[in-house]
There are 2 protein chains.
Amino acid sequence: MQDGGACQEILCNMVQKEESDVTMPASAAPKLRGRPKAYDRDAALKAMRQVFWTKGFSATSLDDMSAATGMNRPSLYAAFGDKTEAFRAVLKDYIDDARPLYLAAFRTPAPLRESLMKVYETSIAIYHNPQAQGMGCFMIGAALTDVKRDPEVGEMILSALKDMEAGFIRRFEKAKEAGELPADADVKALARIASSGHNTISVRMRAGESVDDIRQYLTQMVDVMVR
Amino acid sequence: MQDGGACQEILCNMVQKEESDVTMPASAAPKLRGRPKAYDRDAALKAMRQVFWTKGFSATSLDDMSAATGMNRPSLYAAFGDKTEAFRAVLKDYIDDARPLYLAAFRTPAPLRESLMKVYETSIAIYHNPQAQGMGCFMIGAALTDVKRDPEVGEMILSALKDMEAGFIRRFEKAKEAGELPADADVKALARIASSGHNTISVRMRAGESVDDIRQYLTQMVDVMVR
DNA sequence: TTTATTTTGTACTCGTTGGTACAAAATACT
DNA sequence: AGTATTTTGTACCAACGAGTACAAAATAAA
C-alpha cells in the first residue's frame with residue numbers, strides 16, 4: 001500500500017476501459033495479426049468477479065462464466081487459462097482495484113477519526129453491491145473458502161490484509177506526529193484493531209447485517225481507538 | 001451465550017458419544033422397530049464437518065460425505081435430508097459445540113487480560129485443526145461463502161457472532177464492576193473490538209498466518225483494550 | 001488475391017454430480 | 001414362525017461438470 005493513482009469508481013461497477021495507451025511509444029498497440037478479440041479482458045474480469053463473488057469458486061460453472069462475460073469457453077481458456085487461473089486473475093484484479101480506493105481514503109486530509117471512518121466507508125461502498133445486497137468482501141466472503149484448494153489464494157489474501165494494516169499503521173503514525181494521539185500510543189496495536197474492524201465489516205456484511213448497524217458498530221470502535 | 005455445560009474437548013476431534021440416556025425415564029431409548037442404524041449421527045456430523053471445513057459446501061460431493069461418514073447415500077438422506085440440510089445440521093452442530101467451550105473460557109475466574117486471552121486461545125485451539133493446518137473458523141472460512149445460496153446460513157452465522165459479542169460484553173461489564181476497567185469505559189465498544197479480534201483470528205488463520213504471529217497480534221490488541 | 005495467423009463458435013467427450021428405486025437384511029411385534 | 005417396519009447397499013439416472021477438437025470467420029502480411 002504505497003502508491004497508486006486515486007480512483008473514484010465504486011469497485012463493483014467498474015467496467016469501462018480507458019484506452020490508456022495514447023502517449024505510449026510503440027509496444028502498446030502492436031496491431032495484432034489474426035482475428036480481433038471480441039471481448040474486453042477487463043470487462044470480462046469484472047463480470048466474472050460478480051459471479052464468483054456471489055457463488056464462490058466451486059459453485060460457479062464455466063457456463064456461468066461464459067454467460068456473464070459473453071465469451072465462449074475456448075475464449076475463456078485462451079484469455080485466462082483454466083478455472084483456477086481465472087479465479088486468481090479475478091482476485092488479483094479485485095485487490096488491484098480496491099487498493100487505490102483505500103489509498104485515496106487514507107490520503108484525504110482529515111482528522112484521525114474522520115480519516116478512519118472514510119476508510120471504512122470505502123469498504124462499505126465496495127462491499128455493498130447495489131445489484132446484490134450483502135456481498136461483503138470478495139476476499140473474505142468468497143475467496144477465503146478456497147485457500148485449501150489453492151494456497152496461492154491464501155497468500156494473496158494475507159498479503160492484502162497486511163497491506164491494509166500497513167496503511168492503518170502509517171495513518172496512526174502520522175496522527176501521532178501531528179499530536180492527534182498521545183506520544184505513548186501503541187501505533188501497531190491500534191492498527192491491528194482498526195484492521196480487525198475492517199475484517200468485521202467484511203464478515204458481518206456478508207452474513208447479512210444491515211449497513212446501519214455496521215456503521216454504528218464501527219463508530220463505537222473508532223471512539224475507543226481515537227478517544 | 002447464557003448457559004451450557006463446560007466441555008473439555010477440542011472441538012475438531014469431538015467424536016465419541018456418551019450414551020447420556022442412563023437415568024432417563026422412558027422416551028430416551030424407545031427401542032426402535034426396524035433394522036438398527038449402523039451409523040452414529042453425531043459422529044457422522046463431525047466427519048462431515050471435517051470435509052465441509054476443508055472444501056466448503058459446493059466443492060464437497062455426496063461421495064465425499066459418504067466416504068467421510070461411512071454411510072451410503074440413502075442413509076445420508078434419511079438422516080440429514082439433502083445436501084443443503086446436511087450442511088445446516090453440520091453448521092448448527094459446530095456452533096453448538098463451540099458455545100460451551102467459549103462459555104467455559106469466559107467463566108474461568110481470571111483477571112480481564114488473561115480472561116480475554118483465554119477466549120482467544122479457545123478459538124485458536126478450535127481453528128488449528130491438528131489434521132489440517134490453517135482451517136480458521138468453520139463459519140467464516142467455509143460457511144460464509146454460502147450465504148447467498150442459503151440465507152439461513154447467514155442468519156446462523158450472524159446470530160453466533162452476536163452471541164459471541166454478548167459474551168464479551170458481559171465479561172467487560174463484570175470487569176467494570178470489579179474495578180478492572182475505569183468507570184467510564186465503553187463496555188459495548190470494547191466488546192466490539194474484542195469481537196473483531198476474534199473475527200480476525202478466523203480469517204488470518206485460514207489465510208495461512210502462523211499461530212505465533214496471531215498470538216502476538218492478539219496480545220497487542222488486548223493491551224490496548226485493558227491497558 | 002493468396003497465405004499466415006489468430007479468434008470465434010459449435011459440438012463434442014467423458015467423468016462426476018445430486019438424488020432415487022428397489023431388493024436384501026435386520027430388527028420388533030404377534 | 002410369520003409379519004410389519006426400518007435401514008442398508010447396490011445400481012441406476014438424467015443433468016451437469018470442466019475441458020477440448022475442429023471448422024468457419026476475420027484480420028494482417030505478402
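Protein chains get the first letters and strands the later ones, always in sequence-line order, with residue 1 at the start of each. For clarity, every value in this text was computed on a predicted model and none was experimentally measured.
- One interatomic measurement links the two molecules: CG of B:Asp64 to P of C:dG15, which rounds to 18 Å at whole-angstrom precision.
- Between B:Ser61 and C:dT16 there is no side-chain polar atom (N or O) within less than 4.0 angstrom of OP1 or OP2.
- Put simply, CG on A:Asp63 is 13 Å from C1' on C:dA11, counting in whole angstrom units.
- Residues B:Phe168 and B:Phe106 bring their aromatic ring centres within 6.0 Å.
- Checked against the 6.0 Å centroid threshold, A:Phe52 and A:Tyr94 do not count as a close aromatic pair.
- Note on ring orientation: taking the six-membered ring where Trp is involved, the planes of B:Phe138 and B:Phe87 are tilted (angle from 30° to 60°).
- The overall bend of the helix from C:dG15-D:dC16 to C:dT30-D:dA1, read as the angle between its terminal helix axes built from five base pairs each, is 20° when rounded to 10 degrees.
- Atom CG in A:Leu62 sits about 15 Å away from atom C1' in C:dC12, given to the nearest Å.
- For B:Asn199 and B:Ser196, the side-chain atoms include no donor-acceptor pair closer than 3.5 Å.
- B:Arg99 places none of its side-chain heavy atoms less than 4.5 Å from the side chain of B:Met164.
- Considering every non-hydrogen atom in both B:Gly136 and B:Met205, the closest pair reads CA-CB, 4.0 Å.
- Computed from coordinates, the A:Arg41 CZ to C:dT8 P distance equals 13 Å when rounded to whole Å.
- Residues A:Phe57 and B:Gly34 each lie close to DNA chain D; by heavy-atom proximity, the contact nearer the 5' end of the strand is made by B:Gly34.
- Taking the ring axis of A:Phe57 as reference, the NZ or CZ atom of A:Arg149 stays within 45° of it and closer than 6.0 Å to the ring centre.
- For DNA chain D, the neighbouring residues in residues 66-88 of chain B, judged by any heavy atom under 4.0 Å, are B:Asn72, B:Pro74, B:Ser75.
- Between B:Glu165 and B:Lys188 there is no salt bridge, since none of the side-chain N atoms of the basic residue sits less than 4.0 Å from a carboxylate O of the acidic one.
- The nearest whole Å value for the distance from the CE atom in A:Met65 to the P atom in D:dG17 is 12 Å.
- In terms of position along DNA chain C, the nucleotide closest to A:Arg35 lies nearer the 5' end than the nucleotide closest to the other residue of the pair A:Arg35 and B:Arg35.
- The nearest whole Å value for the distance from the OH atom in A:Tyr39 to the C1' atom in D:dA25 is 16 Å.
- In this structure, CZ of A:Arg33 is placed 9 Å from P of C:dA4, rounded to the nearest angstrom.
- Side-chain atoms of B:Tyr77 and B:Glu85, non-hydrogen and from C-beta on, never get closer than 4.5 Å to each other.
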